[in-house]
Amino acid sequence: MNNQPNSEPVIDILNVSHSFKGHRALQGISFQVQPQSLHGFVGPNGAGKTTTLKIICTLLQPQAGKVKVFGHNVRTAVKEIRKRIGFMPDHFSTYRQMTVFEYLDFFGAAYGLSQEQRDQVINDVLTLTDMDGRKDSLISGLSRGMQQRVSLARVLVNDPDLLLLDEPASGLDPRARIELMEILQELKRMGKTIFISSHILSELAELCDSVTIIDRGLIKYSGSMDGLLNYEHEHPVYKITLESEPDAIIETLSGEAGIVSIEKTPKPREMRVAFDTTIINSSALLEKIIALNGVIDSFQRDKKHLNQAFLDLTEQGVR
Ligand SMILES: Nc1ncnc2c1ncn2[C@@H]1O[C@H](COP(=O)(O)OP(=O)(O)OP(=O)(O)O)[C@@H](O)[C@H]1O
């Protein structure tokens with residue numbers, strides 16, 4: 001595996017646009033993926049994920065803008081880039097009547113590996129994907145989860161530094177999905193950069209350290225997963241639990257300057273408060289509660305629910 005200087009992004013997309021018959025699938029998108037990160041690429045159906053992935057893996061030339069992979073331009077350095085990436089499309093290829101071994105051996109040969117190298121590599125990738133016992137199974141007889149793992153094993157045959165996975169978890173049952181996520185985490189620990197698309201943000205929340213959200217060909221967010229969880233359009237919201245029911249305090253504070261909203265939550269003794277930081281800060285809020293004889297049990301930032309963050313960033317409607 002080639003080591004990257006940590007500062008250079010593995011994927012660097014600048015102002016990329018792409019249209020199909022007048023339909024603007026990508027409208028000037030820009031974002032970067034850092035080395036050895038597990039980066040989610042999330043958007044509703046038709047948002048432009050597959051188009052972006054195809055551009056990154058050199059299957060489609062961008063009509064406008066610049067895309068660099070490992071510092072190489074996708075327009076001019078197709079060979080250099082292809083040697084270092086593995087692309088797993090969102091559908092299984094047509095080789096279902098092969099055994100797992102035959103399938104991987106075929107791709108190993110296509111990469112120019114000798115039979116000895118192929119035997120070794122196939123053993124390694126089957127161990128990595130937990131498919132050791134299935135070498136001689138027909139692909140058509142495997143479950144969808146296992147077919148996905150064979151597909152992943154295929155992508156690993158040339159030991160790529162960057163994995164590009166298009167909706168790898170779609171159609172998997174929860175157990176198969178967890179197993180796939182564990183394999184991806186192991187690959188990250190091995191130093192690989194993984195770029196993984198999905199239309200379900202919560203599917204990637206535990207797995208990814210960073211995420212880019214795309215909607216109708218526009219980037220809505222790109223940064224750390226934590227940053228997205230804390231992303232607020234307006235005012236910070238805190239959940240505060242008191243030692244007794246907060247009704248009287250809520251009544252007094254609801255008219256105060258800087259309090260945007262204050263209400264009880266379904267949990268006993270808990271209230272949720274949103275405030276305008278240009279008028280008060282969290283310390284001043286706590287002081288007010290204490291001055292009203294409120295005894296504070298706990299005080300924490302109310303992180304937005306992931307689904308809400310996603311809905312806030314993407315538009316409704318038919319795509
Ligand atoms: N070859 C094509 N010809 C015409 N339109 C296309 C083509 N490929 C994609 N599109 C259109 O471009 C837009 C983006 O498609 P893309 O497949 O990149 O989205 P996506 O986010 O991957 O969606 P999905 O989750 O449904 O796969 C969609 O409106 C789609 O219909």
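In each ligand, atom 1 is the first atom listed, and ligand 1 is the first ligand listed.
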Could you list the donor-acceptor pairs under 3.5 angstrom formed between side-chain atoms of residues 47-61 and any protein atom two or more places apart in sequence or on another chain?
residue, atom, partner, partner atom, Å
K49, NZ, G43, O, 2.8
K49, NZ, P44, O, 3.1
T50, OG1, D166, OD2, 3.0
T52, OG1, G48, O, 2.7
T58, OG1, R82, NE, 2.7
T58, OG1, R82, NH2, 3.3

Side chains of residues 134-143: which donor-acceptor pairs under 3.5 Å do they make with residues two or more places apart or in other chains?
residue, atom, partner, partner atom, Å
K135, NZ, N123, OD1, 3.1
S137, OG, R134, O, 3.4
S143, OG, M146, N, 3.2

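Counting heavy atoms under 4.0 Å from ligand 1, residue P44 touches it through the backbone alone. With a heavy-atom cut-off of 4.0 Å, H23 touches ligand 1 through its side chain alone. The proximity of E167 to ligand 1, defined as any non-hydrogen pair under 4.0 Å, is limited to the side chain.
The shortest heavy-atom distance from G48 to ligand 1 is under 4.0 Å.
Considering backbone and side-chain atoms alike, H199 places every N or O at 3.5 Å or more from each N or O of ligand 1. Between K49 and ligand 1, an N or O atom pair is found at a separation short of 3.5 Å. Here's the thing with D90: none of its N/O atoms is less than 3.5 angstrom from an N/O atom of ligand 1. Between G46 and ligand 1, at least one N/O pair is under 3.5 Å apart.
A salt bridge does not link E80 with R84: none of the charged nitrogens is closer than 4.0 Å to a carboxylate oxygen.
The aromatic rings of H39 and F195 sit tilted relative to each other, their planes meeting at an angle between 30° and 60°.
Within a 6.0 Å sphere centred on NZ of K264, heavy atoms belonging to other residues, nucleotides or ligands number more than 12.
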Intermediate values then yes/no, side-chain contact (heavy atoms from CB on, under 4.5 Å), I289 and V273: CA-CA 11 Å; I289 295 168; V273 190; 5.5 Å; no
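For F107 and Y111, the distance between ring centers is not under 6.0 angstrom.
Near T50, meaning under 4.0 Å from one of its heavy atoms, ligand 1 places the atoms 17 (O), 18 (O), 20 (P), 22 (O), 27 (O).
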